[in-house]
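Throughout, a chain's letter reflects where its sequence line sits, starting with A, and its residues are numbered from 1.
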Amino acid sequence: MQHWGFPIADDIQLASGVSACEQFHEKILKKRDRLPFEIDGVVYKVNAFALQEKLGFVSRAPRFALAYKFPAEEKETVVEHIEFQVGRTGAITPVARLKPVFVSGVTVSNATLHNFDELFRKDIREGDTVVIRRAGDVIPEVVKAIIEKRPKNTRKTALPKQCPVCGSHLVKPEGEAVLRCTGGLYCSAQLRESIKHFATRRAMDIDGLGDKIVDLLVDEKLVHHVSDLYRLKRAQLIALPRFAEKSADNLLEAIHNSKKTTLPRFLYALGIREVGESTAALLANEFGDLPLLMRADLERLEKIRDVGPVVAKHL
DNA sequence: ATACTAAGTCTGGGAGTTTG
DNA sequence: CAAACTCCCAGACTTAGTAT
């Protein structure tokens, strides 16, 4: 790239061994404030292209490069509220609503607590003063509660007894960490989230079908299942708030266009538990078309590499 | 039993499009 | 023309499932 005249970073160095890498990391950290641009760490890469190729990629990342970040800026704030969100698979996720604080360039007012094991481990309570940071300089994270600053009469956060959205009972299977709503598509949160997942770019790619539109379609009872998307009428859409001819036509066209998709994307879009992009691709590869896949029995599915008994059963 | 990978969930800011 | 909305980007963390 350099020979071709591209500007490249000055601070690159060939290093051998762990300690040389660590020294480089330290060197750049010292220099950080004097750089004419912002950085959040350094990247170690395997130098030889042949080895890079050999190592290749896994779904989300190259196996020949590793980011080594600088410590994140930490701030204190107050947990005003702990809410429970319901995901598309019914997973109940506790989320801290925070008194907004400015950290690493943005105002943070929400942070996930992941699950109840996590929450109990850290013992985060409403009213607590907490330390937060942006993990990887991106995702807000509650590091810990500051016990000395805990007001009197706070209460340990309690496990919800029923789904906060649909009231169905919740289950937490032995050995699993995630608490789940059993409502299925009866639960409007699960319905909404499954439709949003169906529409995303890497699934059916329905352009313009975002958060708010899905909420609207579900609230107006126009959609009870993803298949209902394909029965929407122009007049129904135009009757909705913030919908005019242009937006109605755009949405209908996007829905229509989504029919022209590929098998792996369709499988992924269905949102079957444990069937993400990789597994969907693998299945499409194995079966070639949908009718063949649908005729497969448990035994056949389990024989496929990387498909175990659990995934087979979900399928 | 351990290693590895995939899945699933989460957040804020800015650009671009459409409505009212 | 402001407000509302989508889309895209940045990526962490934890759990769960399969292979070895």
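With respect to Glu80(A) and Lys99(A), no salt bridge is recorded, no charged nitrogen being found less than 4.0 Å from a carboxylate O. Salt bridge status for Arg97(A) with Glu83(A): present, with a side-chain N to carboxylate O gap under 4.0 Å. Salt-bridge formation is not detected for the pair Glu277(A)/Arg265(A): no Lys NZ or Arg NE/NH1/NH2 atom is positioned less than 4.0 Å from an Asp or Glu carboxylate oxygen.
Ranking dC10(B), dG17(C), dC5(C) by closeness to the Arg242(A) side chain, first place goes to dC5(C). Of all nucleotides listed (dT15(C), dT18(C), dA7(B)), dT18(C) comes nearest to the side chain of Val310(A). Here the side chain of Thr107(A) is nearest to one of dG13(B), dA4(C), dT18(C), namely dG13(B). Which of dC7(C), dC13(C), dT18(C) sits closest to the side chain of Asp207(A) comes down to dC7(C). The side chain of Val178(A) sits closest to dA16(C) out of dC5(C), dA16(C), dT18(B).
A close approach under 4.0 Å does not occur between any side-chain nitrogen or oxygen of Thr89(A) and OP1 or OP2 of dA7(B). Contact between the side-chain N/O atoms of Asn250(A) and the OP1/OP2 oxygens of dT17(B) is not found at any separation under 4.0 Å. Considering only side-chain N and O atoms, Thr93(A) lies nowhere under 4.0 angstrom from the phosphate OP1 or OP2 of dG8(B). Listed pair Gln85(A) / dT9(B) fails the phosphate criterion, with no side-chain N or O lying under 4.0 Å from OP1 or OP2.
At whole-Å resolution of the value, CZ in Arg180(A) and C1' in dG8(B) are 9 Å apart. Nucleotide dG12(B) holds its C1' atom 18 Å from the CZ atom of Arg133(A), rounded to whole Å. With rounding to whole Å, Phe198(A) atom CZ is found 19 Å from dG8(B) atom C1'. For the pair Lys122(A) NZ and dC13(C) C1', the interatomic distance rounds to 9 Å; values are reported in whole Å. Taking atom CD1 of Ile304(A) as the reference point, atom P of dA19(C) lies 11 Å away to the nearest angstrom. Rounded to whole Å, the distance from CD on Glu83(A) to P on dT11(B) is 10 Å. Summarising the geometry, the separation between CD on Glu118(A) and P on dA16(C) is reported as 12 Å, rounded to the nearest angstrom. The CG atom of Leu301(A) sits 12 Å away from the P atom of dT18(C) (whole-angstrom rounding).
Heavy atoms of Leu209(A) sit under 4.0 angstrom from primed sugar atoms or phosphate atoms, though from no base atom. Among the atoms of the strands shown, only primed sugar atoms or phosphate atoms (P, OP1, OP2) are found under 4.0 Å from some heavy atom of Arg201(A). When heavy atoms are screened at a 4.0 angstrom cut-off, Ile206(A) is found touching the sugar-phosphate backbone but no base atom.
Using bins of under 30°, 30° to 60° and over 60° for the plane-to-plane angle, the ring pair His25(A)/Phe70(A) lands in the tilted bin.
When only modelled atom types and interatomic distance are considered, Tyr230(A) and Ser258(A) share a side-chain donor-acceptor pair under 3.5 Å.
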Subject >> Chi angles and distances behind the salt bridge (charged side-chain N to carboxylate O under 4.0 Å, His left out) call for Asp128(A), Lys122(A) >> reply: CA-CA 11 Å; Asp128(A) 268 343; Lys122(A) 293 179 178 168; over 6 Å; no

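Residues Ala111(A) and Thr279(A) both approach DNA chain B. Their nearest nucleotides, taken by heavy-atom distance, put Thr279(A) toward the 5′ side.
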